[in-house]
2 protein chains.
Amino acid sequence: MFTGDQEKVRIVNRSLILNALRLYAPISRAQLAYITGLTRGTVSNIVTILIEEGLVFEDELQGSKIGRPPILLGLRPDGGAVVGVEIGVDFISVLLTNFVAQTLWEIRVKTTSQSQTDIISQAEKYIDQALKIAKEKKLGPLGIGVGLPGLVNVRQGNLITAPNLHWKDVPLRLIWNQRFHLPVYIDNEANLAALGEYYFGIARNVDNFIYLSSDIGLGGGIVIGGRLFRGGHGYGGEIGHIQRDPQGELCGCGRVGCWETQVGPRPVLRRVKKEFQTHHDQMLLDACSGNLDNLTFDIVVQFALNGNSICRQAIDEVAVNLGMGIADLVNVFNPDLIVIGGAFIQAKEILHSTIEKTIFSNALQPSTENLKIEFSERDTEACVLGAVAVVLDDILREMAIS
Amino acid sequence: MFTGDQEKVRIVNRSLILNALRLYAPISRAQLAYITGLTRGTVSNIVTILIEEGLVFEDELQGSKIGRPPILLGLRPDGGAVVGVEIGVDFISVLLTNFVAQTLWEIRVKTTSQSQTDIISQAEKYIDQALKIAKEKKLGPLGIGVGLPGLVNVRQGNLITAPNLHWKDVPLRLIWNQRFHLPVYIDNEANLAALGEYYFGIARNVDNFIYLSSDIGLGGGIVIGGRLFRGGHGYGGEIGHIQRDPQGELCGCGRVGCWETQVGPRPVLRRVKKEFQTHHDQMLLDACSGNLDNLTFDIVVQFALNGNSICRQAIDEVAVNLGMGIADLVNVFNPDLIVIGGAFIQAKEILHSTIEKTIFSNALQPSTENLKIEFSERDTEACVLGAVAVVLDDILREMAIS
DNA sequence: GTTTGTTTGTATAAGCGTTAAACAAAATAA
DNA sequence: TTATTTTGTTTAACGCTTATACAAACAAAC
């Protein structure tokens, strides 16, 4: 019999099993063996340990209809608690989940200050609250995942710069390690949102995809071969600052014509306002209470949906620019799926066909063979869910640093 | 003692040792253990097998100056023979090397026909010659690596399309497998050239770099984490067709303003000819025997080096375009090194500083921290050497398919 | 009702490849 | 001379896997 003293069961096999459980539970040992390619004996041994550790759940239920009734396995919801945090440009979002990533508690608040100490201490307050709730539910905290709107050194756990927050060189992992005595994982918000879609959203089980989202900037997370692509030293994947028009507008990064300047709510508003000067539109002006400065992306989308041609054209133009840039990315990364998130979700009915057409007529043929274009399923949740996923990732498989 | 019946010595450790031997030979068992992180015992066992197999060479020589004199190890030059093949748009290049990639025989001939059967049978003739020489030298053939100027499915070993050759759907691996009864590895020429620089050229030991070369098209090979990056399904890395100017020229791929249209000998010639219409230059005209249609890239480079401002400006413009595109790639892939090959090597003195300046002032700061720009060391040899490297790669470590 | 076949889970021995530890050899330095 | 360092080998022990055998529980066929 398996004695239980073989503590160092191969980490990779253990991860294989945990990950298969995440995807296929409830499942029998035999099926688990089939999926992972291990023998039933090996699976049995590892599962024994996982049950002892309280990570895996065992239940005798109806499974296959022929043969001995299988003992079904799954990850234990009460295997532990995970905290996901997103620090946005003007909000903080904190999420507490159990071991199977079910939401136990969440909060999303607007922030007024942009001061580093203010925002961090406010976030700490919410994390404390989350940990308190975890304790009440008798769930051991497993770790904290944090998404930040800027350039992050994932290995060192530092925020390098966050232009929109005006932060620089913040060793957030160190700070929160000391504060909470838990593993802390820090990453860029777009990367985490990509992971969120990969684990819990539309990109489930798609091993090669690109997540794009635009609110203020244009962010992207690239998943290749089931792992986040970060380039050579972890600073890669900055797709928002690909130059797409040498005669374009000035970007915040100092360059001209970055993709970020062409795509997003801002360029849409700019285009509508410009067009308005030659084609006056009273209804649109009324919607802004008479002042075009009050124009928002929501209003433009609403008008476009109702057939307003100025708004429709502005959105179409951005859709073409988005599609053109995606075509380049498709040529380079050859993904199976493009997931579009952020502000664009509101306009998905208008955007979808234009984007798709642009991509398929501009990317090279073999790369587009199995390509699909979808919109985010988890929207504002994607990033915090991704933050949770990163923590689970470290337990379920090796850390997703390429 | 090690009994020798442990046939299935861990493949990964075996590869570790072979690869370390490639890089650091001649080296002692103890140093090998230090580098690979294995124990001296393990190294000893595996090396015993490698010597039995005839892959590794053992020699008692002066090494460390204190302690027992080490037995130095290295890959046996006579461990086997490898054939590297490059089929270019207008040439065929075949290289025969021994197990340590030293050239034994090589040939490079211009082709006149573009017919598929003609070129393939011509290449077969040279490969036969190479294999005959290998046999004469009593070296067992290990495999054939082939570089092609087009889109390749590496796993299936098919050429999908080669626009400049007008080839389509050629199952070259199958064809040559049946013809030569040897392992055949097929890949894009730029990918192989990148591998060639990685194993035997300027990018030795640089695990994250991008190789760019322009002759007719603009090709690129991307190495990330020590392996070729091919995107999700092997069709990725097509960086020549990134759109860099929506108002640019029409590209052969059907799109407008691809990077390929901005960078390379062709755009330089176009620019010089255009400039010539407004600024007549008798010396330049004389160099073309009175007809500007005879203008070649070589002539432009010569004139630029001698201070001719028309030629100089044309090259500078291309250098800026090249640098701008590289800046985008740097933002996305975050490499340590850019290697520039192909026609540009002739003009490296003029190009280098302009390219460097453009990249460093346009890419995001953290990505450029350790970035270097270099020119190819192996030039026309890079691709065939890379083809050899692919074959060795399969023996030294797992196949470099990401 | 019996037989046969299938699926499942467990137990055991055997195998592979590793590490740890001890040892010996050969050189230098004190 | 003695102590120290580096190197290479040998041995037992260990960890994890596979192969194999076995039994339980069910369905379908006869």
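Just so you know, these numbers use all the heavy atoms, side chains as well, and skip hydrogens, waters and symmetry mates. What you see is a predicted model; the values in this text were computed from it and never measured. Quick note on labels: first sequence line is chain A, next is B, and so on, each numbered from 1.
Residues that satisfy the salt bridge (Lys or Arg N to Asp or Glu O under 4.0 Å) test with A:Arg173, not counting sequence neighbours, are absent from this structure. Applying the salt bridge (Lys or Arg N to Asp or Glu O under 4.0 Å) rule to A:Glu377 yields the partners A:Arg204; only residues at least two apart in sequence or on another chain are considered. Applying the salt bridge (Lys or Arg N to Asp or Glu O under 4.0 Å) criterion to A:Arg40, with sequence neighbours excluded, gives no partner residue. Applying the side-chain contact (heavy atoms from CB on, under 4.5 Å) criterion to B:Pro183, with sequence neighbours excluded, gives B:Tyr185.
Annotation: side chain to side chain donor-acceptor pair (under 3.5 Å) contacts involving residues 135-144 of chain B, sequence neighbours excluded, are absent.
For the OP1/OP2 pair of D:dT17 and a distance below 4.0 Å, the side-chain nitrogens and oxygens of A:Asn13 include at least one atom meeting the criterion. The shortest distance between the side-chain N/O atoms of A:Ser44 and the OP1/OP2 oxygens of C:dG9 is not below 4.0 Å. Checking the phosphate oxygens (OP1, OP2) of D:dT18, a side-chain nitrogen or oxygen of A:Thr39 falls inside 4.0 Å.
Atom C1' of nucleotide D:dA23 and atom CD1 of A:Ile71 are separated by 14 Å, given to the nearest angstrom. In this structure, A:Ile46 atom CD1 and C:dG9 atom C1' are separated by 15 Å, rounded to whole Å. Atom pair A:Leu32:CG and C:dG9:C1' shows a separation of 13 Å (rounding to whole Å applied). Atom CD1 of A:Ile49 is separated from atom P of D:dG15 by 12 Å (rounded to the nearest Å). For the pair B:Tyr34 OH and D:dG8 C1', the computed distance is 19 Å after rounding to whole Å. For B:Ile17 and C:dT18, the CD1 to P distance is 8 Å, given to the nearest whole Å. Per the geometry, CG belonging to B:Asn45 stands 12 Å off P belonging to D:dT11, to the nearest Å. Separating the CG atom of B:Leu38 from the C1' atom of D:dG8 is a distance of 15 Å, rounded to the nearest angstrom.
Of the candidates D:dT7, D:dG8, D:dT9, D:dT7 carries the atom nearest the B:Gln31 side chain, counting heavy atoms from C-beta on. Considering only side-chain atoms of A:Ala30, the nucleotide from C:dG9, D:dG8, C:dT19 that sits closest is C:dG9. Nearest to the side chain of B:Thr42, among C:dT18, D:dT9, C:dG9, sits C:dT18.
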What nitrogen or oxygen pairs link the protein and nucleotides 21-26 of chain C at under 3.5 Å?
residue : atom : partner : partner atom : Å
C:dA26  : N3   : B:Arg68 : N            : 3.3

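Remark: the B:His233 side chain and the A:Asp336 side chain contain an N/O donor-acceptor pair separated by less than 3.5 Å.
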**OP:** Just do the side-chain contact (heavy atoms from CB on, under 4.5 Å) check on A:Asp187 and A:Leu195 with the steps written out, would you?
**Re:** CA-CA 11 Å; A:Asp187 207 333; A:Leu195 271 191; 5.9 Å; no

